[in-house]
**Q** 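Right, I'll just put the structure down here and ask away after.
Chain identifiers are assigned alphabetically (A, B, ...) following the order of the sequence lines, protein sequences preceding nucleic acid strands; residue numbering begins at 1 within each chain.
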Number of protein chains: 2
Amino acid sequence: MTRYFLDISYKGTRYHGWQIQENAFTVQEALETALSTFFKKPISVMGSGRTDTGVHASMQVCHFDINYEVEKEKFIRSINGILPKDISVNSIRKVKADAHARFSAKSRSYVYRMVLQKNPFIEDFAWRHYFNPDMERMNTAAKLLMAHQDFECFSKVHTEVKHFRCEIKSAHWEQKDGELQFHITANRFLRGMVRAIVGTLVDIGLGKMNPEELNTIIESKNRKKAGKSAPACGLFLSHIAYSEDIYID
Amino acid sequence: MTRYFLDISYKGTRYHGWQIQENAFTVQEALETALSTFFKKPISVMGSGRTDTGVHASMQVCHFDINYEVEKEKFIRSINGILPKDISVNSIRKVKADAHARFSAKSRSYVYRMVLQKNPFIEDFAWRHYFNPDMERMNTAAKLLMAHQDFECFSKVHTEVKHFRCEIKSAHWEQKDGELQFHITANRFLRGMVRAIVGTLVDIGLGKMNPEELNTIIESKNRKKAGKSAPACGLFLSHIAYSEDIYID
């Protein structure tokens, strides 16, 4: 068997997230169906992690195994023809047999997009917000995130993780193309974590609390102390980092 | 009565075009409904021209009359709250009583967007094309358009216009942000004209005919001689030009 990594993108609007589940249409299911059609046998994929209902991915990575050599160009062209318009395969790379889309990932990055002006062309891709949060206050608070390890306060309550520790490597807001964008990278994320962080930082930006109160919220380990979750439509999984040595070609 | 011009944008995907019609949901209807809600009386609008089913507008202009002074900031905020997410009002300006969104327009501009790579995020906004047309050939042909006056060959067949004359002021292709974009400006356009021109120019770009054959097609006045219409999703009404002297403020 040969293991391959796929780099894919999707518009999450009409999907119930990444992960296969009964009675709901998911990105993983759409992808496995397309791969099984292409390879004429059942194919399962393992993603780097889940994304929730309505969340997008400009880069998601998954692996699958197949017992022959894939012709890359032909594969990319064909699979994109089989897949729906809102999912694309951007590249395929052969990896070592023990490389794992989830466990080999060194870090994940997300981008959250917010707009202050109504814009019909990005309605599916950004949180339209009516008030302008103060970037400096939000960035002061974002820097505080790096000093903490346990983020239970930003985790969905009924989740099956063993611990709530995450190593946040970077987190900052920037203004770009008329948008406010939040960029965050960590070794792992808890369910709902980025949207809860964004909602909390925006509250800070709007003056509902001081940047330093973020420390108190995090130390409380209580989801109710943090802000509301920002809407799913603004969130993009944007990068998954692996060591170069997992790739065979 | 005071006359106002509205500058609006819309994502045309779920609308049966601009113009009000029975048994179909249109942008004009959505806009008139919102305006009538805001002003608490029936309001009709007159657009600069129609757009077809699925066609977008980054700028469309329409006028309406009302018997009092509109508070602009409050109006813009409220009307955008009432309108659906895929239609926005960008600005409102008071104009002279005889200014007319359709008859005062000096020129209209359209942009047509084409992409060669599958991209889930612009699937609603561009024609995904599998072959790369030659830009130089397409631009050679686009220049020839300016030498003609009668464009019946690019007009939908059952249309009620009195004549097929258009004065094309500019028409060219450019590469931008990984897209092929066609920009065209004229005093007026016939129904289906831009999409028929794009389809024909792409055929020329792909070598199905020579740029000079465009002259023969135009002289034939026969829609069947021209290329297929490019899909609606790639087309944007992008600008309507008026003399500055129609505006009161």
**Q** Answer yes if the ring centres of B/Phe236 and A/Phe121 are under 6.0 angstrom apart, and no otherwise.
**A**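 Yes, close enough.
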**Q** Would a 4.5 Å heavy-atom cut-off, applied to side chains only, mark B/Lys118 and A/Leu83 as touching?
**A** yes
**Q** State, to 0.1 Å, how close A/Ser9 and B/Pro120 come at their nearest heavy-atom pair, and which atoms those are.
**A**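 Between these two residues, the closest heavy atoms are O-CG, 3.5 Å.
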**Q** Looking at NZ of B/Lys11 and CD1 of A/Ile122, how far apart are the two atoms once the value is rounded to the nearest 0.5 Å?
**A**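 Reported to 0.5 Å precision, the distance equals 11.5 Å.
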**Q** Report, as yes or no, whether the 6.0 Å neighbourhood of atom NZ on B/Lys40 holds more than 12 heavy atoms from other residues, nucleotides or ligands.
**A** no
**Q** Kindly compute the distance separating OG (A/Ser88) from CD (B/Glu123), expressed to the nearest 0.5 Å.
**A** 10.0 Å
**Q** Take a 6.0 Å sphere around CD of A/Gln21 and say whether it holds more than 12 heavy atoms from other residues, nucleotides or ligands.
**A** yes
**Q** Between OG1 of A/Thr13 and CG of B/Asp124, what distance do you get to the nearest 0.5 Å?
**A** 9.0 Å
**Q** Under 6.0 Å from the CD atom of A/Glu71, do we count more than 12 heavy atoms belonging to anything else shown?
**A**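 Check fails, neighbour count at 12 or below.
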**Q** If you count every heavy atom of other residues, nucleotides or ligands that lies below 6.0 Å from B/Phe131 atom CZ, does the total exceed 12?
**A**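 It does not: B/Phe131 CZ has 12 such atoms or fewer within range.
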**Q** Could you tell me whether A/Arg102 atom CZ has more than 12 heavy atoms of other residues or ligands within 6.0 Å of it?
**A** no
**Q** Find out whether B/Gln117 and A/Asn80 are in side-chain contact, i.e. whether some heavy atom of one side chain is under 4.5 Å from a heavy atom of the other.
**A**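 Side chain of B/Gln117 against side chain of A/Asn80, heavy atoms only: no contact under 4.5 Å found.
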**Q** Determine whether more than 12 heavy atoms belonging to other residues, nucleotides or ligands lie under 6.0 Å from atom NZ of A/Lys72.
**A**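 More than 12 within 6.0 Å, yes.
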**Q** Find the distance between CG (A/Asn119) and CG (B/Asp86) and round it off to the nearest 0.5 Å.
**A** 11.5 Å
